[in-house]
Student: 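The structure under discussion is supplied below as structure tokens; questions concerning it will follow.
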Amino acid sequence: GEYVSTLQPGPHIRLPRPIEEVVKVNVERIQTLTADAAMLSGDENIVEVELAVQYRIKDAQKYLFDIADPDVSVQRVTESAIRDIIGQSTLDFVITEGRAEIATTAQDQIQQILDTYSSGIEVTSVNMQPAKPPEAVKAAFDDAIKAREDEQRKINEAEAYRNDRRPAR
């Protein structure tokens, strides 16, 4: 058979051999990734942690060419960073007042690692859901929290009683 060209009339420009496609990257779009896993705290308790990481592409060239699979990399870096942070924290800290601090530390750590990989990614926020002990120990943990609240209530009652018993000056 005869070779028939599918080119239409008019000038046609084709890029030289290595450059064959144009990849468009949306650098405005914020992407969200969630990571959740059970992990070991520093005091050897298992805690279930859930994070939402939001990020965007800040350097399209690095994002496309310097790192193999950027989105999978963000997932792995996030899991690694959060395991490291939780592993240095007590269960009590993780499930009570530590949430905001852990999220901030995680954001800094994730960004540092992604920058080391020259990923072209900017982490815009990290939010941590309230962490919880696994179901198997939840009842015991709830009892411990209740006991702590009862202790504080008794202390407050005792102080109020002592103040009432003091002679007025």
Side-chain angles (χ1 to χ4, degrees), residues 1-138 140-141:
E2 189 180 314
Y3 175 75
V4 179
S5 173
T6 57
L7 290 176
Q8 300 300 313
H12 297 282
I13 299 171
R14 192 176 168 143
L15 297 172
R17 249 304 175 206
I19 308 165
E20 290 189 350
E21 66 177 303
V22 174
V23 179
K24 291 186 178 178
V25 175
N26 183 345
V27 294
E28 299 299 314
R29 191 184 75 177
I30 300 285
Q31 300 179 73
T32 302
L33 159 143
T34 55
D36 60 328
M39 51 193 72
L40 211 53
S41 64
D43 53 356
E44 297 184 1
N45 287 294
I46 294 173
V47 61
E48 291 178 15
V49 176
E50 186 179 337
L51 283 182
V53 177
Q54 293 191 316
Y55 62 99
R56 68 176 194 83
I57 301 163
K58 70 176 175 187
D59 185 326
Q61 183 174 341
K62 287 181 179 178
Y63 180 83
L64 289 171
F65 303 114
D66 291 6
I67 191 164
D69 191 334
D71 300 320
V72 170
S73 296
V74 173
Q75 179 88 36
R76 294 206 174 119
V77 166
T78 297
E79 288 170 3
S80 172
I82 197 63
R83 282 186 193 284
D84 179 50
I85 296 162
I86 299 297
Q88 295 177 33
S89 307
T90 64
L91 175 68
D92 194 43
F93 179 73
V94 173
I95 62 178
T96 55
E97 78 273 6
R99 234 170 80 202
E101 187 178 321
I102 290 169
T104 303
T105 305
Q107 182 169 345
D108 294 344
Q109 203 164 325
I110 293 164
Q111 188 65 66
Q112 282 176 356
I113 298 168
L114 289 172
D115 289 348
T116 303
Y117 290 155
S118 190
S119 67
I121 293 170
E122 176 187 14
V123 179
T124 56
S125 77
V126 173
N127 292 304
M128 184 173 155
Q129 300 304 314
K132 50 191 181 286
E135 274 317 306
V137 296
K138 188 170 178 355
F141 198 83

Student: May I have the step-by-step check of side chain to side chain contact (heavy atoms under 4.5 Å, CB included) for L40 and I46, ending in yes or no?
Tutor: CA-CA 5 Å; L40 211 53; I46 294 173; 3.9 Å; yes
Student: Under a 4.0 Å N-O cut-off, is there an ion pair linking R76 with D69?
Tutor: no
Student: Can V49 and M128 be said to form a side chain to side chain contact (heavy atoms under 4.5 Å, CB included), step by step?
Tutor: CA-CA 8 Å; V49 176; M128 184 173 155; 4.1 Å; yes
Student: Hey, what do you get for CD1 (I113) to CG (D108), rounding to the nearest 0.5 Å?
Tutor: 11.0 Å
Student: Please step through side chain to side chain contact (heavy atoms under 4.5 Å, CB included) for the pair I95 and V47, ending with a clear verdict.
Tutor: CA-CA 8 Å; I95 62 178; V47 61; 3.9 Å; yes
Student: Kindly determine whether I110 and Y55 satisfy side chain to side chain contact (heavy atoms under 4.5 Å, CB included), including the steps that lead there.
Tutor: CA-CA 11 Å; I110 293 164; Y55 62 99; over 6 Å; no
Student: To the nearest 0.5 Å, tell me how far Y63 OH sits from S73 OG.
Tutor: 9.5 Å
Student: Would you say the side-chain atoms of Q129 pair up with the backbone N or O of E50, donor to acceptor, closer than 3.5 Å?
Tutor: no
Student: Any donor-acceptor pair under 3.5 Å linking the side-chain atoms of D115 with those of Q111?
Tutor: yes
Student: Is D43 reaching over with its side chain to a backbone N or O of L91, donor-acceptor style, under 3.5 angstrom?
Tutor: yes
Student: Does atom CD (E97) have a neighbourhood of more than 12 heavy atoms from anything else shown, all under 6.0 Å?
Tutor: yes
Student: If I compare all heavy atoms of T34 with all of Q75, which pair ends up nearest, and what's the gap?
Tutor: O-NE2, 3.7 Å
Student: Identify the two heavy atoms, one from S89 and one from S41, that lie closest to each other, and give their separation to 0.1 Å.
Tutor: O-CB, 3.4 Å
Student: Looking only at heavy atoms, which two atoms of P70 and A68 are closest? And how far apart?
Tutor: CD-O, 3.7 Å
Student: Taking I102 as the fixed residue, which of L51, I85, V126 is the one that meets the side chain to side chain contact (heavy atoms under 4.5 Å, CB included) rule?
Tutor: I85
Student: Do side-chain atoms of Q107 reach the backbone of V53 as a donor and acceptor pair under 3.5 angstrom?
Tutor: no
Student: If I take atom CG from residue N45 and atom CG from residue D92, how far apart are they, to the nearest 0.5 angstrom?
Tutor: 9.5 Å
Student: Which heavy atom in A38 sits nearest to a heavy atom in R83, and how many Å separate them?
Tutor: O-NH1, 3.5 Å
Student: If you take all heavy atoms of R99 and P130, which pair is closest and at what distance?
Tutor: NH1-CG, 3.3 Å
Student: If we ignore angles and hydrogens, is there a donor and acceptor under 3.5 Å between the side chains of Q88 and D84?
Tutor: yes
Student: Over all heavy atoms of both residues, which pair between K58 and I121 is shortest? Give the atoms and the distance, please.
Tutor: CE-O, 3.8 Å
Student: Below 4.5 Å, heavy atoms only, C-beta onward: do F93 and I86 meet side chain to side chain?
Tutor: no
Student: I'd like to know if the side chain of T124 pairs up with that of Q54 as donor and acceptor (distance under 3.5 Å, no hydrogens or angles considered).
Tutor: no
Student: Using the test salt bridge (charged side-chain N to carboxylate O under 4.0 Å, His left out), find all partners of E122 that sit at least two apart in sequence or belong to another chain.
Tutor: R56
